[in-house]
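Okay, structure first, notes after.
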Amino acid sequence: MNGVEQLRAALTRAAVAIGASPDVQPGLERPRDPAHGDWATNLAMTLAKPLGRKPRELADALIAALDRHDAGVAEATVAGPGFINFRLDTADLAGGLARVLAAGTAWGHGTGGTGRAANVEFVSANPTGPLHVGHGRQAALGDAIAALLASQGWKVTREFYYNDAGAQIQNLALSVQARLRERAGDPLAIPEGGYHGAYIKDIAEAYAGEATDDPRGDDLERVRTFAVRALRNEQDLDLRAFGVRFDRYFLESSLYTDGKVEETIAALQASGHTFEDDGALYLRTTDFGDDKDRVMRKRDGTMTYFLPDVAYHVTKFERGFTRAINVQGADHHGTTARVRAGLQALGRGIPEGYPEYVLHQMVTVMRGGEEVKISKRAGSYVTVRDLIDEVGRDAVRYFLLMRKGDSQLVFDVDLARSQSEENPVYYIQMAHARLSGIFRVGEIDPTTITGAAVDWSVLDQPEERELVKSLLDWPDFVAAAADALEPHRVANWLLETARLVHTWYHKHHVLGEAEPVMRARLALARAAQLTLANGLGLLGISAPERM
RNA sequence: GCCCCCGUAGCUCAGGUGGAUAGAGCGACGGUUUCCUAAACCGCAGGCCGGCGGUUCGAGUCCGCCCGGGGGCACCA
């Protein structure tokens with residue numbers, strides 16, 4: 001049992017002793033103002049009503065009933081409207097660092113997932129062009145969410161789904177063909193809905209070099225295959241540059257070849273929730289909360305994207321994923337209700353909230369105070385590669401993750417590129433590098449720091465107590481961020497903790513201090529170094545030893 | 001018209017699931033270096049948390065209505 005749990009248990013006993021129900025759950029939080037102590041509870045206020053007594057009076061009674069020793073607190077005081085503030089002995093507080101050192105790279109790991117399988121689907125870009133900034137946000141978000149879940153004991157599969165047969169791919173093939181014919185002397189005729197970026201020209205160029213017997217691209221099927229392969233390869237390179245790896249690429253076409261689409265449509269018809277109108281087959285999704293019934297099979301006999309989408313999510317469930325999380329742009333918002341409705345209509349016991357959606361808002365790229373809209377390569381949008389080339393992978397990751405997905409995001413290229421104090425990424429990495437520097441200069445192998453035989457009571461400086469608390473809170477913090485599927489919380493925590501590190505480092509010295517102090521501070525430095533590295537790792541950002 | 005997101009400092013945004021005197025980064029202003037990285041630290045200024053009601057001991061946070069901004073409402077993906 002660690003410090004907080006001990007305190008909570010003791011508080012519960014005290015509450016019961018003064019007449020509260022045995023199932024009270026005392027809430028404990030860090031007071032915003034460190035002068036208020038190390039922990040605070042609002043228990044007296046929440047008990048006021050059921051017990052019919054005044055909060056401050058109850059607070060006094062709770063303190064009187066509390067076994068200080070069992071609770072592990074040095075001091076308990078009543079404040080404000082009825083808060084009880086607790087102060088811990090420095091030795092008890094800082095002694096928690098031993099747990100950090102023992103856990104090492106696993107500090108922050110939890111067991112809430114209990115080994116169950118989770119599927120995180122993200123990016124899922126069709127192979128019709130280079131990845132744009134929005135895909136970048138998805139890649140950063142999805143990868144970090146996957147890492148967060150894995151840290152909490154989920155068995156995570158990172159999945160990329162792509163449409164390899166639809167109308168957009170047809171337009172891609174026709175666009176490349178148009179460039180081939182332009183090359184052969186025809187006037188340029190890119191079809192309606194076609195692609196205009198420079199990369200189309202490059203692909204046409206490459207095709208002409210390889211397919212010397214088909215310089216005009218008359219073999220459209222061959223052009224299509226060639227173009228898809230070229231763009232898939234390009235997207236892979238983009239993702240690799242970003243440090244994102246997928247466990248599985250799922251092809252929409254496989255749903256047809258494996259019979260999953262037919263199977264699903266038959267099951268839906270058997271469910272009795274379908275009807276035909278004007279030659280098209282509908283699913284009555286309004287029975288399951290959608291605001292409109294949806295077409296599954298068009299009048300011309302082909303499927304809408306809706307049906308394979310449902311079939312795809314059935315496979316996720318069948319593949320044993322307890323949770324399926326889809327990271328997508330907010331423009332997909334309209335599809336969430338209908339996919340869930342489709343799964344419900346099957347009546348197979350798939351949970352109502354399956355799959356879960358993490359939708360993110362748009363990204364605007366700013367440079368020199370102006371919005372950047374165009375990339376040379378893609379023509380109409382800014383690519384992930386542009387950003388990585390300009391500001392580096394770590395900065396792109398951080399900037400795309402530092403805001404809540406629900407917020408529209410402004411990516412300030414100038415700030416991300418600046419290698420100085422104003423850039424939060426460097427600020428955090430610098431904190432890690434400085435801590436590493438202590439061990440380098442002191443010629444101490446940080447992995448030998450175990451926390452054994454340390455007198456924790458010497459870590460009594462205010463800056464040390466604040467830093468210690470932040471490090472000890474990390475596991476709960478990560479668990480909450482994972483639970484909420486919100487990596488930006490980690491980004492903010494890192495920035496705050498980095499500040500505590502810099503402040504402490506600036507004010508207090510480690511090497512050359514008297515033995516007990518140096519020993520304790522080395523342990524603190526090691527714990528902070530480990531925790532920062534763990535946090536950066538979750539976001540896919542490097543933790544450099546020196547900068 | 002309906003659905004989703006957003007509205008907090010000059011700018012970009014946090015605010016740990018309802019708590020005490022609302023925070024950070026950038027920008028502005030002023031300081032700090034014989035010392036493990038000044039890529040750092042300290043100080044100062046800046047607010048009707050879009051508005052009006054409600055819930056309660058207590059609301060930036062929850063509920064309702066309104067006003068602004070963005071996105072979505074296909075037999076396109």
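A note on names: the letters A, B, ... follow the listed sequences, proteins ahead of strands, and every chain is numbered from 1.
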Rounded to the Å, how far apart are Trp493(A) CH2 and rG23(B) P?
21 Å
Please classify rU55(B) as syn or anti, treating any glycosidic angle within 90° of 0 as syn.
anti
His273(A) and Phe288(A): aromatic ring centres closer than 6.0 Å?
yes
Quick one: is rA74(B) close enough that its OP1 or OP2 comes under 4.0 Å of any side-chain N or O from Tyr282(A)?
no
Rounding to an integer number of Å, can you tell me how far Glu486(A) CD sits from rC13(B) P?
16 Å
What integer distance in Å separates Glu496(A):CD from rC13(B):P?
18 Å
May I ask you to verify if any side-chain N or O of Lys404(A) is less than 4.0 angstrom from the OP1 or OP2 atom of rC13(B)?
no
Looking at Lys292(A), I'd like to know whether one of its side-chain N or O atoms comes within less than 4.0 Å of OP1 or OP2 on rC3(B).
no
rG72(B) base to Asp331(A) side chain: any donor-acceptor pair below 3.5 Å?
no
Pair of N/O donor and acceptor under 3.5 Å linking rU37(B) base with Arg546(A) side chain
no
Any side-chain N or O of Ser407(A) below 4.0 angstrom from OP1/OP2 of rA14(B)?
yes
Separation of atom CD in Glu252(A) from atom P in rC76(B), rounded to whole Å
13 Å
How far, in whole Å, is rA9(B) from rG27(B) if one measures between their C1' atoms?
11 Å
Using the P atoms only, state how far rA59(B) lies from rU55(B), rounded to an integer number of Å.
12 Å
Would you please determine if the base of rC36(B) is stacked by His509(A), with stacking meaning a centroid separation under 5.5 angstrom and planes under 30 degrees?
yes
